[in-house]
Amino acid sequence: MTRAEHHPARAPGGELRTPEPAARPSRGTTAVDVVLRGLAAAALAVDAVVHARLAHGYQSAAPEGIGEGNLFLAEAAAAALAAVYVLIRGSKPAWVVALLTAGGGLAALLLYRYVDIPAFGPFPAMYEPVWFFDKALTAYAEGSAVLLAATALVLRRRRSSKSAPAV
């Protein structure tokens with residue numbers, strides 16, 4: 001026992017006061033956090049692997065320009081980095097990066113699946129009105145990563161609002 005526990009502080013008027021433990025926000029990693037991080041990293045890894053594997057075939061359509069292949073490689077790199085960032089840190093910025101990476105990839109996939117956007121500037125026309133296994137797999141992985149990141153951000157916000165001191 002510490003000295004303060006043996007000799008509690010006296011309030012004005014001579015009454016004994018016992019010190020109250022300070023309320024601190026919980027910053028610990030819960031099992032839910034670990035599961036969300038692992039699943040999100042796995043979904044982003046699927047996204048990265050599929051894009052990296054398909055990049056070569058799509059680049060041949062525009063070998064001199066940016067081309068879909070280079071855009072696929074950029075998406076693969078972003079997804080891989082986001083997966084590692086979420087897995088290692090699990091912080092709010094990591095979850096935001098995961099949400100933006102997966103959400104942007106899913107938005108582009110769906111846009112170019114359903115809308116015929118012509119080439120503009122250095123970007124090629126990427127309309128592809130079909131579904132095939134790798135495209136569907138990527139869509140499911142990106143959609144899962146979006147939902148997992150959004151869930152993690154909501155849980156993080158709820159946890160921080162519950163642990164915030166009342167004024």
Side-chain angles (χ1 to χ4, degrees), residues 25-164:
S26 173
R27 300 268 184 206
T29 301
T30 66
V32 172
D33 293 329
V34 172
V35 169
L36 286 172
R37 287 164 66 178
L39 290 174
L44 288 163
V46 168
D47 179 21
V49 168
V50 171
H51 276 91
R53 199 166 45 85
L54 294 176
H56 178 71
Y58 281 92
Q59 187 59 31
S60 60
E64 69 285 340
I66 288 180
E68 282 181 86
N70 287 333
L71 294 174
F72 273 39
L73 290 175
E75 171 65 19
L81 291 172
V84 171
Y85 191 25
V86 163
L87 197 58
I88 291 174
R89 295 287 306 201
S91 61
K92 182 178 178 180
W95 285 115
V96 170
V97 166
L99 182 67
L100 293 175
T101 301
L106 182 60
L109 184 148
L110 293 173
L111 180 68
Y112 285 107
R113 164 57 179 90
Y114 293 107
V115 180
D116 187 3
I117 298 174
F120 60 96
F123 297 100
M126 297 186 286
Y127 181 59
E128 188 175 47
V130 296
W131 284 103
F132 51 92
F133 178 76
D134 286 334
K135 184 186 269 190
L137 180 62
T138 300
Y140 285 123
E142 289 170 339
S144 298
V146 166
L147 292 174
L148 291 163
T151 300
L153 288 168
V154 167
L155 291 176
R156 177 180 277 287
R157 184 161 194 196
R158 282 188 183 165
R159 216 177 295 141
S160 68
S161 69
K162 283 182 182 179
S163 63

Mind listing the closest non-hydrogen atom pair of L106 and A139 along with its distance? CD1-O, 3.8 Å
Here the gap from L44 atom CG to L148 atom CG, rounded to the nearest 0.5 Å, amounts to 9.0 Å
Do any side-chain atoms of residues 107-122 form donor-acceptor pairs under 3.5 angstrom with protein atoms, and if so which ones, sequence neighbours left out?
unit_1	atom_1	unit_2	atom_2	d
R113	NH1	P129	O	3.4
Y114	OH	W131	NE1	3.3

So, taking the atom named CG in L36 and the one named CZ in R156, what distance separates them when rounded to the nearest 0.5 Å? 11.0 Å
More than 12 heavy atoms from other groups under 6.0 Å of CZ on R157: no
Rounding to 0.5 Å, atoms OG1 (T29) and CZ (R37) come to a distance of 5.5 Å
Within a reach of under 6.0 Å around OH of Y127, are more than 12 heavy atoms found that belong to other residues, nucleotides or ligands? yes
Which atom pairs, one a donor and one an acceptor, fall under 3.5 Å between side chains of residues 72-100 and the rest of the protein, sequence neighbours left out?
unit_1	atom_1	unit_2	atom_2	d
S91	OG	A94	N	3.4
W95	NE1	G90	O	3.3

Do L71 and F123 have side chains that approach each other closer than 4.5 Å (heavy atoms only, starting at C-beta)? yes
Roughly how far apart are D47 CG and T101 OG1, rounded to 0.5 Å? 8.5 Å
Which distance, rounded to the nearest 0.5 Å, do you find between the NZ of K135 and the CD of E128? 4.0 Å
